[in-house]
Amino acid sequence: MNSRLPWGLMNSSSTPCAPDQLHGIHQAVIQWFSRAGRDLPWREPACSPWGVLVSEIMLQQTPVVRVLPIWREWLDRWPTPADLAAASPADVVRAWGRLGYPRRALRLHAAATEIADHHDNQVPENHSELLALPGIGSYTAAAVAVFAFGQRYTVVDTNIRRVQARLFSGKALPSKTLTAAETRLADQLMPEDIAESVKWNQSVMELGALVCTARSPKCDECPVFDQCAWIAAGRPEPDYVPKGQSWHGTDRQVRGAIMAVLRHSPSPVSVDLLLTDRAGAEQLASRIENPGQQTADMLEKLWALPAPLEQRERALGGLLKDGLATRHGDEASLPS
DNA sequence: AAGCCGTGGAC
DNA sequence: TGTCCAAGGCT
């Protein structure tokens, strides 16, 4: 839709743009994907639903390039849900490496256990059953239903939201939080044909990832530049400033540093060592017995953080609460 | 519903 | 260097 047409005056229950124009957009975006879409292993027809599910969890807030090598390791090591379920949480968290948000690893492990125990080791095709699994929310449930099982289901991720905001709403960015209107729009935009709807979901997501990006969109490469409402409106600025994620000095930073120590350490780590700072570490030097060079490096980084004891305790407490760490006596380790 | 939860590449 | 942000989910 663009300013040459009066669709913007229509109410929210109407169609987003003329049927003919929508069909043209479908064809243009899907054709673009067939030419410019990336060859990713979880898009191979031979990839199992389990492989798709693992990829979707890993891709939550983590870029493709960082997921690729870990995904391959996981599928080689744990080719079915039961294989992952048989592993210990500690091994799972270590294999997760530095993908970030390690709670995802625990939830995926829990989901694998549930699939192995209650779904005959087969990833469920039903959207409601997918949604009931730990770590699987509305996006991931829809993504697995669509990309693993070829269903016609409305997928709404950050890429699709951004493309919709620009192409149809003429805004630079989608709203801060997902709205019912966005989901309704995504639903209205989907082709009726099942196979086409799958391609559409895949293609729009890829367009948002490669061309219609958050910063510096490559509009000169866009297959629907001429139809874009944001372009027609003169590329207006966002009507709000995205709130950046703080990092330095936060509990998250301390949690990350503690997790790095636990991941690298082959044996439980003294809680005193985890909770002290650089100055305190001097006094504890006599208690450090061959932690291993890598563990020592991670400890150094943890000690170097400008975090008071109270914050270090809070961070470790959070990890214990989340099941990412366990404590036995005066030692802590990854959960066994 | 607004904030929390990791990590590192790009600019 | 600092800031932004990436196929979200959970509380």
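It should be emphasised that the depicted structure is a prediction, and the values quoted were computed from it without experimental measurement. Per chain, numbering begins at 1; letters A, B, ... match sequence-line order.
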Nearest-nucleotide comparison on DNA chain C, the residue closer to the 5′ end among A:G244 and A:R107: A:G244
Between the side chain of A:N201 and the main-chain N/O of A:V198, is any donor-acceptor distance below 3.5 Å? no
Considering only nitrogen or oxygen atoms on both sides, find all protein atoms under 3.5 Å from nucleotides 1-4 of chain B and state each distance.
none

Steps toward side chain to side chain contact (heavy atoms under 4.5 Å, CB included) verdict (A:V93, A:H109): CA-CA 9 Å; A:V93 169; A:H109 182 253; over 6 Å; no
Around atom CD1 of A:I194, are there more than 12 heavy atoms from other residues, nucleotides or ligands closer than 6.0 Å? no
Closest-nucleotide mapping onto DNA chain C: is A:R43 or A:G135 further toward the 5' terminus? I mean the 5' end. A:R43
Within the structure shown, what part of the strands sits under 4.0 Å from A:G137 by heavy-atom distance: base, sugar-phosphate, or nothing? sugar-phosphate
Does the side chain of A:R104 get closer than 4.0 angstrom to OP1 or OP2 of B:dG6 through an N or O atom? no
Give, ordered by number, those residues of residues 48-62 of chain A having at least one heavy-atom distance below 4.0 Å to an atom of DNA chain B; if nothing qualifies, reply none. A:Q61, A:T62
Got a sec, which residues hit side chain to side chain donor-acceptor pair (under 3.5 Å) with A:T140, two or more places apart in sequence or on another chain? A:Q60
Among pairs that include at least one residue of residues 31-56 of chain A, which meet ring pair (Phe, Tyr, Trp, His ring centres under 6.0 Å), considering only residues two or more places apart or in two chains? A:W42-A:W71
Under 4.0 Å between any heavy atoms, over every strand shown, what does A:T250 touch: base, sugar-phosphate, or nothing? Just pick one. nothing
Scan A:A143 against the nucleic acid and name what it touches under 4.0 Å (heavy atoms): base, sugar-phosphate only, or nothing. nothing
Looking at B:dG6, C:dC10, C:dA7, which one has an atom nearest to any side-chain atom of A:R255? B:dG6
So does A:T140 get a side-chain nitrogen or oxygen closer than 4.0 Å to the phosphate oxygens (OP1/OP2) of C:dG9? yes
Across the strands shown, which category fits A:L173 at heavy-atom distances under 4.0 angstrom: base, sugar-phosphate, nothing? nothing
Report the distance from atom CH2 of A:W200 to atom C1' of C:dA7, rounded to the nearest whole Å. 17 Å
Atom NE2 of A:H328: over 12 foreign heavy atoms under 6.0 Å: yes
May I ask you to say what A:W42 touches in the nucleic acid, namely base, sugar-phosphate or nothing, with a heavy-atom cut-off under 4.0 Å? base
So A:I160, base contact, sugar-phosphate only, or nothing? Heavy-atom distance under 4.0 Å. nothing
Short question: side chain of A:R103, backbone of A:L324 - any donor-acceptor pair under 3.5 Å? no
For nucleotides 8-11 of chain B, print each protein N/O atom paired with a nucleotide N/O atom at under 3.5 Å, atom names and distance only.
unit_1: B:dG8; atom_1: OP1; unit_2: A:R98; atom_2: NE; d: 2.8
unit_1: B:dG8; atom_1: OP1; unit_2: A:R98; atom_2: NH1; d: 3.0

Applying the side-chain contact (heavy atoms from CB on, under 4.5 Å) test to A:V123, which of A:V52, A:V144, A:L133 qualifies? A:V144
Could you go through the side chain to side chain contact (heavy atoms under 4.5 Å, CB included) check for A:L53 and A:I115 one step at a time? CA-CA 12 Å; A:L53 173 54; A:I115 293 170; 3.9 Å; yes
Distance-only donor-acceptor pairs under 3.5 Å for side chains of residues 147-158 of chain A, two or more places apart:
unit_1: A:Q151; atom_1: NE2; unit_2: A:E125; atom_2: O; d: 2.8
unit_1: A:R152; atom_1: NE; unit_2: A:P191; atom_2: O; d: 2.9
unit_1: A:R152; atom_1: NE; unit_2: A:E192; atom_2: O; d: 3.2
unit_1: A:R152; atom_1: NH2; unit_2: A:M190; atom_2: O; d: 3.3
unit_1: A:R152; atom_1: NH2; unit_2: A:P191; atom_2: O; d: 3.2
unit_1: A:Y153; atom_1: OH; unit_2: A:H127; atom_2: ND1; d: 3.2
unit_1: A:T154; atom_1: OG1; unit_2: A:D187; atom_2: OD1; d: 2.9
unit_1: A:D157; atom_1: OD1; unit_2: A:N159; atom_2: N; d: 3.3
unit_1: A:D157; atom_1: OD1; unit_2: A:I160; atom_2: N; d: 2.8
unit_1: A:D157; atom_1: OD2; unit_2: A:N159; atom_2: N; d: 3.3
unit_1: A:D157; atom_1: OD2; unit_2: A:N159; atom_2: ND2; d: 3.2

Whole angstrom is fine here: how far is it from OH in A:Y240 over to P in C:dC5? 9 Å
